[in-house]
Amino acid sequence: MTLTLEALRILDAIDRRRSFAGAAAELDKVPSALTYTVRKLEDELDVLLFDRRGHRARLTPAGEELLSEGRNLLRAADELERRVKRAASGCEVELRIVLDSMIPFECLLPLLAEFDAAGYGTRLRFSQEVLSGVWEALLTGRADLAIGAAHDGPEAVRMSGGFRTRNLTPIEWVFAVAPGHPLAAETEPLPASLIQQHRAVAVGDTSRTLPLMNAGLLSGQDTLTVPSVQAKLAAQLAGLGCGHLPRRLAQPYLADGRLVAKATVETRGVSQRQIAWRADARGKSLKWFLNRLGDAHLQEAMLGG
């Protein structure tokens, strides 16, 4: 007899119930079957697992060590069984979702609570990328679903034919600077030649292999590159540069005067973001997210403010 999951379950039940009889009742077995299994395991391991003196079954130090590690194996086996059943039911074991930094993760928390309540049991793994980095995560298989993907994607993505997309609520942009920034006092609309003389704050594209994207930058303009939209906002609030911000993100600071909106000759207007997913994906959890992400109120929370 080798060490089996059944033997570990028997040891676990005896320890929890403190008796062979109690464990036998829980496992729907006769006590003699449990006694035989434990004695055979003790003979093969050449150790005593239970101290049988007294009225209660107590583990020896060797038994405690075996059961401590054995319970880890039991939990892993139970999780594997659940994963297999999820796969058989059409639910993914894990769904990998990449967010563009434009999407505030906290806006998705109510959605995640709904997903948990739906009982799919799929593990969720979120990551964050910027611009082409979002598409790269899909292209390389590091993500199954992208939220907030920019434009139509790099040519390598468009030509692959392996992805489907759906538009989200358009993003409205506003050019903004801190009150103490030199551009704050300039006459509007600001020409590109004037803006070019001042440092821009830009969120850096995180792609490793695809062509990098940039938006709203002027040729030859000094640039402070930051890791996220939230970092860009912080830098512009500190007067470290200028640039366009999503209006829904900038609005509270425009309202209280910590940012000043400036009209520009060349306006950025609105831009389109998308959700994107692999065309061959068929999992139930992905379909659930695609359905819920079509909700206009949720999209407003993510992108519209």
Side-chain angles (χ1 to χ4, degrees), residues 99-104 107 128-135 147-155 165 167-207 211-275 296-297 299-305:
L99 304 177
D100 187 271
S101 71
M102 194 69 64
I103 307 296
C107 290
Q128 188 176 72
E129 300 286 349
V130 179
L131 296 173
S132 289
V134 176
W135 290 103
I147 304 177
H151 314 299
D152 294 323
E155 185 177 2
T165 62
N167 286 339
L168 293 171
T169 297
I171 300 172
E172 182 183 357
W173 298 89
V174 59
F175 188 87
V177 294
H181 191 279
L183 289 177
E186 292 288 348
T187 302
E188 301 176 76
L190 305 180
S193 58
L194 178 59
I195 296 173
Q196 188 183 35
Q197 299 173 28
H198 299 273
R199 182 168 65 178
V201 182
V203 183
D205 192 314
T206 57
S207 173
L212 302 182
M213 297 182 190
N214 66 73
L217 297 180
L218 300 172
S219 178
Q221 187 176 19
D222 183 25
T223 305
L224 171 63
T225 303
V226 296
S228 68
V229 175
Q230 288 71 29
K232 174 177 166 65
L233 170 64
Q236 290 183 219
L237 284 168
L240 298 177
C242 61
H244 289 86
L245 289 165
R247 183 171 288 278
R248 57 94 182 155
L249 183 64
Q251 189 58 48
Y253 307 97
L254 295 172
D256 66 16
R258 283 183 284 171
L259 284 176
V260 177
K262 301 294 288 186
T264 59
V265 172
E266 298 179 4
T267 60
R268 187 171 177 182
V270 299
S271 65
Q272 193 70 62
R273 292 299 175 109
Q274 302 171 319
I275 56 173
H297 296 294
Q299 292 188 25
E300 279 293 317
M302 293 191 300
L303 291 168

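- Under the 3.5 Å distance criterion, the side-chain polar atoms of Thr264 are left unmatched by any main-chain donor or acceptor of Lys262.
- The structure places CG of Asp100 at 11.5 Å from CD of Gln274, a figure rounded to the nearest 0.5 Å.
- When all heavy atoms of Gln236 and Leu245 are compared, the pair lying nearest together is NE2-CD1, 3.7 Å.
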Please list every donor-acceptor pair under 3.5 Å in which a side-chain atom of residues 175-192 meets a protein atom from a residue at least two apart or in another chain.
{"unit_1": "His181", "atom_1": "ND1", "unit_2": "Leu183", "atom_2": "N", "d": "3.0"}
{"unit_1": "Glu188", "atom_1": "OE1", "unit_2": "Ala263", "atom_2": "N", "d": "2.5"}

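- The two residues Ala301 and Cys107 have their closest heavy-atom pair at O-SG, 3.1 Å.
- In summary, the side chains of Trp173 and Ser271 do present a donor paired with an acceptor at a separation below 3.5 Å, with no hydrogens or angles considered.
- Considering all non-hydrogen atoms of both residues, Met102 and Pro246 come closest at SD-CG, 3.3 Å.
- Between atom CD1 of residue Ile275 and atom CD of residue Gln299 there is a gap of 7.5 Å, rounded to the nearest 0.5 Å.
- With hydrogens and angles disregarded, no donor-acceptor distance shorter than 3.5 Å links the side chain of Asp205 to the backbone of Leu131.
- In this structure, the separation between CG on Leu249 and CG on Leu233 is 4.5 Å, given to the nearest 0.5 Å.
- When every heavy atom of Gly204 is checked against every heavy atom of Thr225, the shortest pair comes out as CA-CG2, 3.5 Å.
- Put simply, CG on Leu259 and CG on Leu237 are 4.5 Å apart, with the number rounded to the nearest 0.5 Å.
- The two atoms that bring Gly241 and Val201 nearest to each other are CA-CG2, 3.6 Å, heavy atoms only.
- Note that CG of Leu254 is 6.5 Å distant from CZ of Arg247, once rounded to the nearest 0.5 Å.
- Looking only at distances, no side-chain donor or acceptor of Gln272 sits under 3.5 Å from a matching main-chain atom of Asn167.
- Within a 6.0 Å sphere centred on CD of Glu266, heavy atoms belonging to other residues, nucleotides or ligands number 12 at most.
- Taking each heavy atom of Lys232 and Cys242 in turn, the nearest pair found is NZ-O, 4.4 Å.
- To the nearest 0.5 Å, the span separating CD on Gln196 from CG on Asp222 amounts to 11.0 Å.
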